[in-house]
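All values below come from the heavy atoms of this structure, side chains included, with hydrogens, waters and symmetry mates left out. Note that the structure is a prediction, hence the values are computed from the model and not measured.
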Amino acid sequence: MSDTGKQSPLGVNSLNSLLVAQGLQINPTFASYAGSSTSFPSFSFGKVCQDTVLRVITYAINEAYKGHVDIDPGTPPDGTPNQATYNNLISIGGGTTTVNITSITSGVIPDTDTIYFEVIYSSGPQLAPGTYILIEDSNISSLDPGVPAGFYNGNWEIATVNGLSFRVYITANYGNATTPGSFRIDNQVPGLGNAKSFLYTWEQKVGPYGSGTGTYGLQDYKGWGGSYYKNNRPLPVTSSVTTANPATQWAYVRLMPLQAWMEFNYNSTLGSGSVANPAGYRDFLQSWMSCYSYAEYSNNAILSVDNSKTFLDGTYSNMNDLITADITGVSLSTNIFGQDLIKTGKAIDLSKISTFGLPSNLLLTLVQNNALTKNISLALLASGIQQDELGRLLGNLSPATTEQERKIYGAFNLIVGDGLAEVLIPLNCKTAGLDSLADLLNPKKLFPNSYQSLTVPVYNTTQSVTNSKTYYPIYSGGGVNGNLNSPQVSNQIGTQTPTGAPQISENLNQTSLGVNEPVLTTTTSSGNGGKVYDTFDNAVR
């Protein structure tokens, strides 16, 4: 077939052979060993019965069964086996040992998804992995209606053994059994006498026996097992426990080819077919394909819902971030934060948001918006920044050092009053309450109405209840959040407060611009492509 949803030439041919009743048959190798049987009375021996000692005992069982076909229910005539003898004949080699169970508990193997239940018993044989057992009379008391009371009853294959206990791997965890029950194992070899093993479960009766006309429906084919298996009472077959079960007349091995025939021949038209349905088991295929299609269609929706519980778990932080492009990762108070952000005008360059808060970032923003005034130029030079350093900083030719950042910040602290207003006009900054140019680096001043809602994200390196990120408020209790100084946070976002104080010259407070003082001015020339030059004819941008 195909794993991609597209049919290959081989897949088309295979599907076509199935639909024309040519591609689905009883395995001939199996038939050569087990034989063939198309009804209760018919059975052609295979190698298992024909070439072994089972041939004689199988014929003996059939002859014993025929000895009762000509009498009514009652005492058999002389010379024919009675019911007890017949039951013994079809049970040669069959025998089981029942062991009481102390407890049945369930669990999951650590660090795996493997579910198991463990059976503990106090006395009995020590079993081996691979052994099949039948648990009976166990019960689970649960308030959950989805938990089957007799879940542990049935045939199981032992996975592991530890002394007088064993484990069975299962697909659902239904808890501990309140009534442990017992388990059975074979203590003989049923196959040596063509007797049915208790592990063969096709025997379960699903409906009443037929009407005695010789035509058996599906319910009759499955009605040979259980307590009826050892009953050789005569035909006609009815639902009474005292009537014969024709399935026993050729012993156990015959039941497997009969089951195979009935599975494929459920509409009684395998092979020859009928006028109404010339290719009988095509209905079987069509029914199977309908069920398969329904399961696949339903599973798509079921699996989508189930997978959504953990899909990309930990990749995203929360739905707010997804629908706002992480804006809510800055502030959940989007309305007020947005109003504060609008009032900042051009003071924040979002293209350089990664270095927002550094004095050098604000300096480049001032240059970009023609807001580098004479007062700023004087303050920068007076703070100790040399002319060549300033040229490199304004041209963004090299990143500012920690010392240079401190000097720039000190210079910004000097720009107040009219000097500050002169800078804010080209920036179109209308934020109220600014005392100095350095306040454009202070979130509390820059976002006066929303600063308390500002957060900083820290990405989680392990699975966490906060998914991919944990948001910490920047301000708490009137000051900077102390949690931001924890090793977990500082390792990712660095130290919050630089060491040392900004360099501020004391005599600058009284300094006025003189004629002979070096002044950094900016001019714009449209004829020069809009480039900005300082007093020393150095191109700023």
Side-chain angles (χ1 to χ4, degrees), residues 26-96 186-203 205 209-210 212 214-216 220-237 241-263 265 270-271:
I26 296 174
N27 190 308
T29 303
F30 165 80
S32 69
Y33 282 92
S36 62
S37 177
T38 59
S39 65
F40 289 153
S42 69
F43 177 45
S44 297
F45 284 16
K47 294 179 181 179
V48 173
C49 288
Q50 182 65 36
D51 299 345
T52 67
V53 295
L54 296 183
R55 179 175 60 85
V56 176
I57 193 172
T58 302
Y59 277 122
I61 290 173
N62 184 255
E63 289 298 321
Y65 179 85
K66 290 179 179 179
H68 279 218
V69 299
D70 57 349
I71 64 169
D72 294 327
T75 304
D78 293 339
T80 58
N82 59 25
Q83 181 171 327
T85 303
Y86 180 77
N87 289 343
N88 289 335
L89 186 62
I90 62 176
S91 301
I92 296 175
T96 60
D186 277 316
N187 57 18
Q188 299 182 43
V189 185
L192 295 180
N194 210 349
K196 187 189 76 68
S197 170
F198 73 91
L199 295 172
Y200 191 70
T201 58
W202 195 59
E203 65 197 45
K205 182 175 180 297
Y209 290 119
T215 301
Y216 301 93
D220 306 313
Y221 300 141
K222 289 190 176 181
W224 49 258
S227 61
Y228 303 101
Y229 179 81
K230 297 181 179 181
N231 191 331
N232 68 320
R233 307 305 289 176
L235 293 173
V237 179
V241 297
T242 62
T243 58
N245 185 341
T248 65
Q249 61 187 288
W250 288 108
Y252 168 60
V253 172
R254 189 283 296 264
L255 300 177
M256 287 181 282
L258 178 62
Q259 177 189 356
W261 174 267
M262 298 312 166
E263 294 289 350
N265 191 42
L270 182 60

When rounded to the nearest 0.5 angstrom, what is the spacing between [atom1] in [X] and [atom2] in [Y]?
X: Ser44; Y: Arg254; atom1: OG; atom2: CZ; result: 11.0 Å
X: Gln50; Y: Ser32; atom1: CD; atom2: OG; result: 13.0 Å
X: Ser42; Y: Gln249; atom1: OG; atom2: CD; result: 8.5 Å
X: Asp51; Y: Phe45; atom1: CG; atom2: CZ; result: 11.0 Å

Q.
On a heavy-atom basis, which atom in Ala34 and which in Pro257 lie closest, and how many Å separate them?
A.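 It is O-CG, 3.6 Å.
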Q) Closest heavy-atom contact between Ile92 and Ile57? A)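 That closest heavy-atom pairing would be CD1-CD1, 3.5 Å.
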Q. Just by modelled atom types, is the Pro41 backbone N or O under 3.5 Å from a matching donor or acceptor in the Trp250 side chain?
A.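 Between the backbone of Pro41 and the side chain of Trp250 there is a qualifying donor-acceptor contact (under 3.5 Å).
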**Q.** Under 3.5 Å: donor-acceptor pair, side chain of Asn194, backbone of Tyr252
**A.**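 Looks like yes, one N/O pair under 3.5 Å.
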(Q) For Phe30, give me all partners under ring pair (Phe, Tyr, Trp, His ring centres under 6.0 Å), at least two apart in sequence or on another chain. (A)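 Listed in chain order: nothing, the list is empty.
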Q | Any residue meeting side chain to side chain contact (heavy atoms under 4.5 Å, CB included) with Thr52, in chain and number order, not counting sequence neighbours | A |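 Side chain to side chain contact (heavy atoms under 4.5 Å, CB included) list for Thr52, sorted by chain: Leu54.
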(Q) Please enumerate all residues that pass side chain to side chain contact (heavy atoms under 4.5 Å, CB included) together with Thr96, with sequence neighbours excluded. (A)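 Thr96: side chain to side chain contact (heavy atoms under 4.5 Å, CB included) contacts with Arg184, Asp186, Phe198.
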